[in-house]
Amino acid sequence: ASLCIEAGDQKQAKEILSHADKFFETRFKEGFNGKDTLSQIMSLAAQVRLYAHDAEHVAYSKQKSLTRLQGLYFGGFSDEYLNSMLDLAEHHALRGHPKASFESLRKAREIMAYKLDVEFGQATESVRTRYWDKNSSFFYKLADLAYDNPHIKSIKGVAYNSLLLSKGILLNTMIDYNRFVYSTGDSIAIVYLNEKRDKIFNNQSISDVEAADQVLVDYMNSQGYTYRNPDFDISWNEVADALGPDDIAIEYFQTSKGEYGVMFVRKGWNSPKCIKLDGLFRHEGNIISLAQSLPYVPSLEDTGFEERLAEIIWPDELTRHFPKSHTGKVYFSTVAELDVTPIEYLAQMHTRYDMSRLSSTRMLVKNELREHQEFARAGLYGGINYSVSRARYSTAVDSIRDGMEEAPEGPYQFRDMDFENFILDEGPKKRAALDYLPGAAEEIVSIHDILNDSSVSTDIFTGCYAGEEAFYSTAGNEDIIHMATHGFHYSVLDALKASYLSGIHDYTDPLVRNGLKMAGCSAIASTGGDLSDGYMTAKEISQMDLSSTRLVV
């Protein structure tokens, strides 16, 4: 019957399923029964699909039976039951039963929260990643429900809550878990965590890193340390309560079909609002969608196109709820291509409103938005020698470590004057320095002078000293980090050919395909030794506690 439905033969599918119903009437009389139950689950699933469009009441009835049976057969915390509960919520919504829809969503949310607790609280990073790859579709389903039923309050609330949880969940859980380990004060756990981080910093193989992570997690579990990501409990109500009286919080989202939508809330509302952003418009003779157009936005000079784009991303239905006073703020969090699209500058939005781009509006609840305070310390890196030899770099690292032991509080002055003079030389020999940035040393020295005049203590690293080791040793203590260097990004295909990834990292991980170039990146081979390779990846940066840093350039 399922094959007939796939082939579009609805008539034969109905005949087969009718036969199946009669068959089960005579055979399926003893309640729950292994193979027979699984057969009936398959039959019910096919009937839901068959009647979904032309007999919704029948599909609804079948979905209720299917959900109950899947809970019995697969278990109340199974993926099958979870997804079926979401489907049932959609059927309730389509039939105009918002309370029943909300109840199904609430149950689904409880299942997901339990699964996240188990999988994320007591698992290694690789296990969490595999789990998320498998189950992230749950959040797309919630986005789909909100997108297709923007008028139903209960769905919007649950969907907004899920956006608060899902955005950046792997990275945030990893960072928060590391902080949790330190907070235990358990010296053995902290040693295991530092050993894992050292393997990442020193370019050890992915299997070595995972083995170290497993040792850490096994020890934490054996000692009864129970970790739970605090983000799991944050709700849209708390976001609304954290807003000022004239503020607005906005969450952009994407459905499983790639369509964009936006949910937003203000203080005192009884539910978030939801708007579709599914506009189509003409560009260069073609009708394109919002998702298709976004990759081209940064290079566009077509003002008409930009105006149309602004109308879609900032529709009147949304902006009419914007602050009416100069004290009101607009907090917004983007997704997918919107992450790399400067939407706050479309239609000069930034000149009319006080706008803040956040990784998630949950930051409002976590009090991660701090008012400006006086800066006390800065770290400046520039005039970097990307081609320094391994021997010379090793000597530089030893000098940094010795200097920091002698003066652990800093500030530190590690300037490679030979290299600075070399790259500032107007002669042709300067081009021997691969990827040289002749103005970068002058830039950070000037900033150093400006900050010193304002009583800001500065650490400064140039030439062979501006490497990863210096950054890892000092950056966690600095209010300002200024990096005058090259960034890099590799696609998955390009990463296959990247020397620093050869056989060491999982090249599909976006956190290892992006980062900053530091001293020695063009000369130091990635050997997995005790020296960095000069490619400071996002993965390595994510292992650091930079919570005291308030400005990065």
Side-chain angles (χ1 to χ4, degrees), residues 86-106 108-109 112 136-167 234-243 247-280 289-291 294 309-323 330-339 341 343 349 355 357-358 360-362 364-365:
L86 285 170
D87 291 337
L88 182 58
E90 186 170 13
H91 279 279
H92 284 312
L94 291 172
R95 290 178 60 79
H97 300 155
K99 290 184 179 179
S101 177
F102 176 76
E103 185 61 23
S104 294
L105 285 173
R106 186 188 61 78
R109 172 84 178 181
M112 195 66 181
S136 57
S137 59
F138 166 82
F139 295 95
Y140 273 121
K141 281 201 170 188
L142 286 171
D144 290 345
L145 283 172
Y147 187 86
D148 293 330
N149 304 278
H151 57 289
I152 300 179
K153 294 180 181 179
S154 58
I155 291 178
K156 290 180 290 188
V158 176
Y160 197 116
N161 290 348
S162 296
L163 291 178
L164 295 175
L165 168 61
S166 62
K167 284 188 177 182
I234 294 177
S235 70
W236 70 266
N237 310 75
E238 294 173 280
V239 172
D241 289 342
L243 293 171
D247 298 345
I248 186 170
I250 302 167
E251 286 282 353
Y252 286 89
F253 66 92
Q254 197 171 33
T255 69
S256 59
K257 296 178 181 178
E259 299 153 322
Y260 284 93
V262 60
M263 278 183 277
F264 53 99
V265 67
R266 291 193 57 165
K267 198 179 192 73
W269 285 6
N270 59 10
S271 77
K273 296 185 184 297
C274 182
I275 296 173
K276 296 182 179 183
L277 304 179
D278 55 352
L280 297 174
S289 68
L290 175 60
L294 287 173
L309 195 61
E311 291 172 0
I312 295 173
I313 295 178
W314 301 110
D316 290 340
E317 292 175 275
L318 170 61
T319 56
R320 65 187 176 88
H321 297 285
F322 273 27
V330 177
Y331 299 104
F332 69 99
S333 170
T334 54
V335 67
E337 293 290 351
L338 289 174
D339 285 340
T341 306
I343 63 174
M349 296 293 290
M355 308 191 76
R357 178 187 285 260
L358 309 178
S360 166
T361 54
R362 67 169 173 265
L364 295 165
V365 179

In Å and rounded to the nearest 0.5 Å, what is the NZ to CE distance from K156 to M263? 9.5 Å
Please confirm whether the backbone N or O of D241 pairs with a side-chain atom of K267, one donor and one acceptor, at under 3.5 Å? yes
What's the separation between atom CH2 in W314 and atom CE in M349, rounded to the nearest 0.5 Å? 5.0 Å
CD/E317: more than 12 non-hydrogen atoms of other groups inside 6.0 Å: no
Nearest-0.5 Å distance, CD of residue Q254 to CG of residue L277: 11.0 Å
Between the CG atom in D144 and the CD1 atom in I155, the distance rounded to the nearest 0.5 Å is 11.0 Å
Measure the shortest side-chain to side-chain distance between K273 and P150 over non-hydrogen atoms and say whether it is less than 4.5 angstrom. no
Report yes if the side chains of T255 and D148 come closer than 4.5 Å at any heavy-atom pair, otherwise no. no
Sub-3.5 Å donor-acceptor pair from the side chain of E90 to the main-chain atoms of D87, do we have one? no
Between C274 and F253, is a side-chain contact (heavy atoms from CB on, under 4.5 Å) present by the stated rule, with each step listed? CA-CA 10 Å; C274 182; F253 66 92; 4.0 Å; yes
Could you go step by step and tell me if V239 and Y331 meet the side-chain contact (heavy atoms from CB on, under 4.5 Å) rule? CA-CA 11 Å; V239 172; Y331 299 104; over 6 Å; no
N/O donor to acceptor pairs below 3.5 angstrom from side-chain atoms of residues 157-164, sequence neighbours left out:
| residue | atom | partner | partner atom | Å |
| --- | --- | --- | --- | --- |
| Y160 | OH | T361 | OG1 | 3.1 |
| N161 | OD1 | W236 | N | 2.7 |
| N161 | ND2 | G157 | O | 3.4 |
| S162 | OG | R109 | NH1 | 3.3 |
| S162 | OG | V158 | O | 3.1 |

Keeping the roles fixed (side chain from Y260, backbone from I313), state whether a donor-acceptor pair exists under 3.5 Å. no
I need the E251 CD to R362 CZ distance, nearest 0.5 Å. 8.5 Å
Taking H321's backbone N and O only, do any of them form a donor-acceptor pair with R266's side chain (distance below 3.5 Å, no angle check)? yes
Taking only residues two or more places apart in sequence, or in another chain, which ones meet D247 in a side-chain hydrogen bond (donor to acceptor under 3.5 Å, both in side chains)? none
Could you pull out the closest heavy-atom pair between L318 and I248, with the gap in Å? CD1-CD1, 4.3 Å
Determine, step by step, whether V330 and F264 satisfy the side-chain contact (heavy atoms from CB on, under 4.5 Å) criterion, reporting the C-alpha distance in whole Å, the side-chain angles of both residues, the deciding distance to 0.1 Å, and the verdict. CA-CA 10 Å; V330 177; F264 53 99; over 6 Å; no
Looking at residues at least two apart in the chain, or sitting in another chain, which of them share a side-chain contact (heavy atoms from CB on, under 4.5 Å) with R357? F332, T334, I343, E344
Do the side chain of K167 and the main chain of S333 share a donor and acceptor less than 3.5 angstrom apart? yes
